[in-house]
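Here's a structure for you.
We use all heavy atoms of the structure for the numbers below, so side chains are in, but hydrogens, waters and symmetry mates are not.
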Amino acid sequence: MTAETFPITRSDEEWRRLLTPEQYRVMRGHGTEPPGSCALLQEKRPGVFHCAGCDAPLFGARDKFESGTGWPSFNEPEPGAVETSTDRSHFMVRTEVHCARCGSHLGHVFDDGPPPSGLRYCINGVALVFRPAA
């Protein structure tokens with residue numbers, strides 16, 4: 001994690017209790033789930049995708065699209081929901097996306113998405129909880 005502090009902070013022990021082992025590996029350890037492994041990839045109902053770590057609303061279902069990558073992809077986040085940082089791991093430079101409220105790693109953003117934003121927020125499904133519209 002970055003040295004930045006977030007509105008919601010927890011000890012490592014608290015994170016381990018709150019998250020599944022796979023969520024912890026991805027969200028706190030900057031991991032990646034296997035492509036095509038998340039049920040949320042097929043989610044098409046109206047609603048909002050929330051952070052699995054703090055329940056912050058992150059992405060509206062209206063902004064989800066099929067990218068063919070094997071991970072849920074979105075054009076843009078909810079206003080103020082995510083922050084980015086430079087990720088220099090794996091011998092490349094990418095833009096990491098993390099929850100603005102708890103700092104959990106969500107995925108990466110790329111500039112190869114469709115209009116109107118031209119962005120593709122490629123997000124690990126285990127970092128998300130979907131709440132259907134009422």
>> Return the CG to OG1 distance between Leu119 and Thr95, rounded to the nearest 0.5 Å.
In response: 9.5 Å

> Given side chains that start at C-beta, do those of Leu18 and Arg10 come closer than 4.5 Å, heavy atoms only?
Replying inline: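 Yes, side chains in contact.
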
>> side-chain contact (heavy atoms from CB on, under 4.5 Å) for Val93 and Thr86? Distances and angles first, verdict last.
In response: CA-CA 7 Å; Val93 178; Thr86 301; 3.8 Å; yes

> Do Leu58 and Val109 share a hydrophobic cluster (ILVMFWY, side-chain heavy atoms under 4.5 Å, transitive)?
Replying inline: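 Same hydrophobic cluster.
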
> Is there a side-chain contact between Asp87 and His108 (heavy atoms, below 4.5 Å)?
Replying inline: yes

> Is a side-chain donor or acceptor of Thr9 paired with a backbone partner of Phe6 at a separation under 3.5 angstrom?
Replying inline: no

>> Going by ring pair (Phe, Tyr, Trp, His ring centres under 6.0 Å), Tyr121 matches just one of Phe74, Phe65, Phe49, Phe59. Which one?
In response: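 When ring pair (Phe, Tyr, Trp, His ring centres under 6.0 Å) is applied between Tyr121 and each of Phe74, Phe65, Phe49, Phe59, only Phe59 qualifies.
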
> Checking side chain to side chain contact (heavy atoms under 4.5 Å, CB included) against Ile8, which of Ser104, Cys102, Cys99 comes through?
Replying inline: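 Among Ser104, Cys102, Cys99, the one that satisfies the side chain to side chain contact (heavy atoms under 4.5 Å, CB included) with Ile8 is Cys102.
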
> Is there a donor-acceptor contact under 3.5 Å from the side chain of Gln23 to the main chain of Ala127?
Replying inline: no

> Under 3.5 Å, side chain of Lys44 to main-chain N/O of Lys64, donor-acceptor pair present?
Replying inline: no

> Could Glu22 and Arg28 be called an ion pair, given the rule that one side-chain N must be under 4.0 Å from one carboxylate O?
Replying inline: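 Salt bridge flag = no for Arg28 with Glu22.
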
> Do the side chain of Arg101 and the main chain of Cys54 share a donor and acceptor less than 3.5 angstrom apart?
Replying inline: yes

>> Between Asn124 (side chain only) and Thr32 (backbone N and O only), is there a donor and an acceptor less than 3.5 Å apart?
In response: no

> Checking Trp71 side chain against Ser37 main chain: does a donor-acceptor pair fall under 3.5 Å?
Replying inline: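 Side chain of Trp71 to backbone of Ser37: no pair is present.
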
> Below 6.0 angstrom between ring centroids: does that apply to His30 and His105?
Replying inline: yes

>> Assess whether a salt bridge exists between Asp55 and Arg131, defined as any Lys/Arg side-chain N lying under 4.0 Å from an Asp/Glu carboxylate O.
In response: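 A salt bridge links Asp55 with Arg131.
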
>> Quick test of your reading of the model: are Arg45 and Glu43 salt-bridged, counting only N-O distances below 4.0 Å?
In response: yes

>> Counting C-beta onward and ignoring hydrogens, is there a side-chain heavy-atom pair between Asn75 and Pro114 closer than 4.5 Å?
In response: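 Yes; the side chains approach each other to less than 4.5 Å.
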
>> Using only atom types and a distance under 3.5 Å, with no angle test, would you say the side chain of Glu33 pairs donor to acceptor with the backbone of Val26?
In response: no

> Does any N or O in the side chain of Gln42 come within less than 3.5 Å of the main-chain N or O of Ala39, such that one atom is a donor and the other an acceptor?
Replying inline: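 A pair under 3.5 Å: no.
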
